[in-house]
Each structure stands twice: as structure tokens, then as C-alpha cells.
Amino acid sequence: MQMREDGFVAVATVSEIDQASAQGRGLVVTVGEQTLALFRHLGAIHAIDDMCPHRGGSLGKGTFENGFVTCPMHDWKFDVTTGQMPLGGGVASYPVRIDGNDVFVRIESV
Ligand code: FES
């Protein structure tokens, strides 16, 4: 795992995330003990927890459309830019930095 001095960790490439988002899903990556789902929306890349708080569905494997991902298990919907659900609740989101083709995320607990 490549960690920068500012605590950001390399998790994927821009190309991998773009390819997944173009196919209407997220890119699932593991960082330490955590699993994240990465999405491209309106030019920016966003990182949220992959595990749905309902019953643990993989949000990265859900349907991604117009900035929202729908859980593949029971259709709960999450804003990928914040991790929040429209009616409240949600999952954590993480700061993202891009350096060339490399995408870095900062996870406090790593
Ligand atoms: S596990 Fe995600 S909606 Fe049920």
C-alpha cells in the first residue's frame, strides 16, 4: 500500500474507475481493513464505504446512475458524493486526490 506523507493512500487508477462508472457501477477496492466503492461523477471521483448499512450489500456492485448508486440487494439509494441517503442516514465518504492516473483516498484508521 503506497501512503503519501499527507495520509492519502493509493487505491486505484483513474482509468479503472472511469471504466467501472461507464458501465454503471462502482470500483470496489480494499484499503487496510476497509472496503470502499469508487465512482466518477461530473468530473470528480468519489469514495464511499462499500458496505450497505442495511444488510451489507456491496454498493460498488449496485447500479450507478446520475450521481446515485442503488444497492443491489434491496434498492436503497445513496448519493456517491456524500454517502448520504435522500431520506437520511448513509455511509461514510472519504477525501480523494488524483495525481496523474493514480487515485488516493484518506482513511483515518489506516
Ligand atoms: S443490503 Fe442494501 S438495501 Fe438491503
Side-chain angles (χ1 to χ4, degrees):
M1 187 181 342
Q2 182 191 348
M3 186 183 293
R4 301 180 353 163
E5 282 180 10
D6 56 9
F8 280 79
V9 177
V11 293
T13 64
V14 171
S15 319
E16 292 171 314
I17 297 165
D18 281 348
Q19 192 175 7
S21 290
Q23 292 171 357
R25 58 184 175 78
L27 181 72
V28 179
V29 298
T30 302
V31 185
E33 306 276 300
Q34 287 179 260
T35 306
L36 308 181
L38 306 171
F39 302 89
R40 163 84 80 175
H41 179 58
L42 297 179
I45 288 175
H46 303 279
I48 63 174
D49 273 330
D50 181 59
M51 186 187 287
C52 178
H54 181 216
R55 291 195 186 165
S58 169
L59 298 181
K61 293 179 181 155
T63 305
F64 174 50
E65 200 173 26
N66 298 325
F68 286 85
V69 65
T70 303
C71 179
M73 290 187 68
H74 315 96
D75 296 337
W76 285 18
K77 220 173 196 187
F78 300 80
D79 182 335
V80 302
T81 68
T82 62
Q84 296 301 294
M85 299 170 62
L87 296 178
V91 295
S93 65
Y94 301 92
V96 174
R97 288 212 178 138
I98 300 171
D99 186 357
N101 193 38
D102 295 321
V103 177
F104 296 80
V105 175
R106 191 174 65 210
I107 310 279
E108 304 299 342
S109 60
V110 170

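All ligand and atom numbering here is 1-based and tracks the order in the structure. In what follows, every heavy atom counts, from backbone to side chain, and hydrogens, waters and symmetry copies are set aside.
No chain of hydrophobic side-chain contacts below 4.5 Å, direct or via other Ile, Leu, Val, Met, Phe, Trp or Tyr residues, connects V29 to V91.
In summary, the atoms of ligand 1 found under 4.0 Å from a heavy atom of G57, numbered by their order in the structure, are 1 (S). Below 4.0 Å from some heavy atom of C71 lie the following atoms of ligand 1, by number and element: 1 (S), 2 (Fe), 3 (S). Counting atoms of ligand 1 from 1 in the listed order, those under 4.0 Å from a heavy atom of W76 are 3 (S).
In this structure, a donor-acceptor pair under 3.5 Å is present between the side chains of H54 and H74. Side-chain polar atoms of N101 and S15 form a donor-acceptor pair below 3.5 angstrom.
Under 4.0 Å is where a charged nitrogen must lie from a carboxylate oxygen, and between D50 and K61 no such pair does.
Distance check for C52 against atom 2 (Fe) of ligand 1: an N/O/S atom falls below 2.8 Å.
Nearest protein heavy-atom neighbour of atom 1 (S) of ligand 1: R55 N, 3.2 Å.
With a 4.5 Å cut-off on side-chain heavy atoms, F68 and P86 count as touching.
Angle ND1(H54) to atom 4 (Fe) of ligand 1 to ND1(H74): 100° [nearest 10 degrees].
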